[in-house]
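These numbers were taken from a predicted model, which means no experiment stands behind them. The chains referred to below are lettered A, B, ... by the order of the sequence lines, with proteins before strands, and numbering in each begins at 1.
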There are 2 protein chains.
Amino acid sequence: MGVTKTEIFTDEQNRLATMLKALAHPARIAILQEIIKRKTCICGGLVEELGLAQATISQHLKELKNAGLIQGTIEGVSICYCINPENWTLLEKALGSFFASYKMENSCC
Amino acid sequence: MGVTKTEIFTDEQNRLATMLKALAHPARIAILQEIIKRKTCICGGLVEELGLAQATISQHLKELKNAGLIQGTIEGVSICYCINPENWTLLEKALGSFFASYKMENSCC
DNA sequence: ATAGTATATCGCAATAATACGATTAATATT
DNA sequence: AATATTAATCGTATTATTGCGATATACTAT
């Protein structure tokens, strides 16, 4: 049918998948790296930095915001986007324990 | 146009995005968790465990394999899938340093 | 050889994601 | 008030993803 069957998975699995999906695009990774590199991030700067149209960048920012990875406050005419510290740490920890749950000696093939 | 412009991003950004995309689906997260929980994983068991059709599971396994997250060896009639230790560790480290690059005090809004 | 079992692949329908030009909304400057 | 600047939203074309029934493939057991 083309639509993910979220109802058969746990909330934790769905939440992790949703946040990872927000992360799983090179433009959004680049945006996050740029936000981290500078401390104040204005959308206009990203349009020059990356080679994407303003509408496209704005859309990626919206997805990152919806996923809770970034937050923005109006700063005069422009908008200051930065990392959402709480959710960033949450995802970092969720991923940490997910990866740590695998022990090398479990490999069988 | 509907196709990701990989050429304007670094190889590192594209690689990370590709692996994260493979991870960014609740079914594939569930599959990986199940592979980790048991130590030997047979596709048939997954069909019963998750509520998805055999064709769908097989497709998800293929994506995980293409991304290098799992590997499979023929084990008689069935196939034994397990984590690919090298790539698992690579992704774990790449994500680790990505998340660690953000320092709380960088928050401005 | 035949039948059974396990997994992959094909083909399709439905939906989601990507990108961008054009437009709109909101604030700043003159 | 008129104009410029910044970012969001709309509409749309293109492509990718998800899911599954049907079929194909490959190995086992009888």
Side-chain angles (χ1 to χ4, degrees), chain A residues 1-9 13-14 17-31 34-35 40-67 70-82 109, chain B residues 1-9 13-14 17-31 34-35 40-67 70-82 109:
Chain A
M1 258 177 259
V3 66
T4 303
K5 285 187 154 181
T6 51
E7 71 277 9
I8 65 173
F9 304 106
Q13 289 165 339
N14 285 319
T18 301
M19 295 202 91
L20 286 175
K21 198 155 74 173
L23 222 58
H25 192 287
R28 293 194 290 271
I29 290 176
I31 288 173
E34 193 63 25
I35 290 183
T40 304
C41 182
I42 299 126
C43 182
L46 288 171
V47 174
E48 291 157 38
E49 190 72 32
L50 316 179
L52 292 169
Q54 183 265 323
T56 309
I57 298 281
S58 185
Q59 203 170 280
H60 283 306
L61 285 168
K62 191 181 172 187
E63 276 184 68
L64 288 170
K65 207 166 95 182
N66 285 344
I70 61 172
Q71 58 197 194
T73 44
I74 299 168
E75 193 93 1
V77 108
S78 56
I79 293 186
C80 168
Y81 277 112
C82 64
C109 47
Chain B
M1 258 177 257
V3 67
T4 303
K5 286 187 156 181
T6 52
E7 71 276 9
I8 65 173
F9 304 106
Q13 288 165 339
N14 285 319
T18 301
M19 297 202 91
L20 286 174
K21 198 157 72 173
L23 222 59
H25 192 287
R28 294 195 288 271
I29 289 174
I31 288 173
E34 194 62 24
I35 290 183
T40 304
C41 182
I42 299 126
C43 180
L46 287 171
V47 174
E48 292 155 37
E49 191 71 33
L50 316 179
L52 292 169
Q54 184 266 321
T56 309
I57 298 282
S58 185
Q59 203 171 280
H60 282 307
L61 285 168
K62 190 180 171 187
E63 276 184 69
L64 288 170
K65 208 166 93 182
N66 285 344
I70 62 172
Q71 59 198 192
T73 44
I74 299 167
E75 193 94 1
V77 144
S78 54
I79 293 186
C80 168
Y81 276 112
C82 64
C109 48

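- The aromatic rings of A:F9 and B:H25 lie perpendicular to each other, with more than 60° between the two planes, well past the 30° mark.
- For D:dA16, neither phosphate oxygen OP1 nor OP2 lies less than 4.0 angstrom from any side-chain nitrogen or oxygen of B:K21.
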Nucleotide by nucleotide, nucleotides 2-7 of chain C touches protein heavy atoms under 4.0 Å in the pattern (B base, S sugar-phosphate only, - none) ---BSB

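- If you check C:dA19, D:dC20, C:dT15 against the side chain of A:V3, the one that comes closest is C:dT15.
- We find that CD of A:E48 is positioned 13 Å from P of D:dT5, with the value rounded to whole Å.
- In this structure, the CG atom of A:L61 is 15 Å from the P atom of D:dT6, given to the nearest Å.
- Using a 4.5 Å heavy-atom threshold, the side chains of A:I70 and A:I31 count as separate.
- Note that OH of B:Y81 and CD1 of B:I42 are 12.0 Å apart. Values are rounded to the nearest 0.5 Å.
- At least one side-chain heavy atom of B:H60 sits less than 4.5 Å from a side-chain heavy atom of B:T56.
- In terms of heavy atoms, B:A17 sits closest to A:I29 at N-CD1, 3.6 Å.
- One interatomic measurement links the two molecules: CD1 of A:I57 to C1' of D:dT6, which rounds to 14 Å at whole-angstrom precision.
- Protein atom CD of A:Q59 is 15 Å distant from nucleotide atom P of C:dA16, rounded to whole Å.
- The OG1 atom of B:T18 sits 11.0 Å away from the CG atom of B:N66 when rounded to the nearest 0.5 Å.
- Among the nucleotides C:dT9, C:dA22, C:dA19, the one closest to the side chain of A:A55 is C:dA22.
- We find that CD1 of B:I74 is positioned 11 Å from C1' of C:dA8, with the value rounded to whole Å.
- Under the 4.5 Å side-chain criterion, counting only non-hydrogen atoms from C-beta, B:K65 is not in contact with B:L61.
- Spacing between atom CZ of A:R28 and atom C1' of C:dA19 amounts to 12 Å, rounded to whole angstrom units.
- The CD-C1' distance, from B:E75 to D:dT28, rounds to 14 Å in whole Å.
- Under 4.0 angstrom from either OP1 or OP2 of D:dA16 there lies no side-chain N or O belonging to B:H25.
- The side chain of A:L52 lies closest to C:dC20, out of C:dC20, D:dG19, D:dT9.
- A:F9 has its CZ atom 11 Å from the C1' atom of D:dT18, to the nearest Å.
- Regarding contacts with the backbone of D:dT17, every side-chain N or O of B:H60 stays at 4.0 angstrom or more from both OP1 and OP2.
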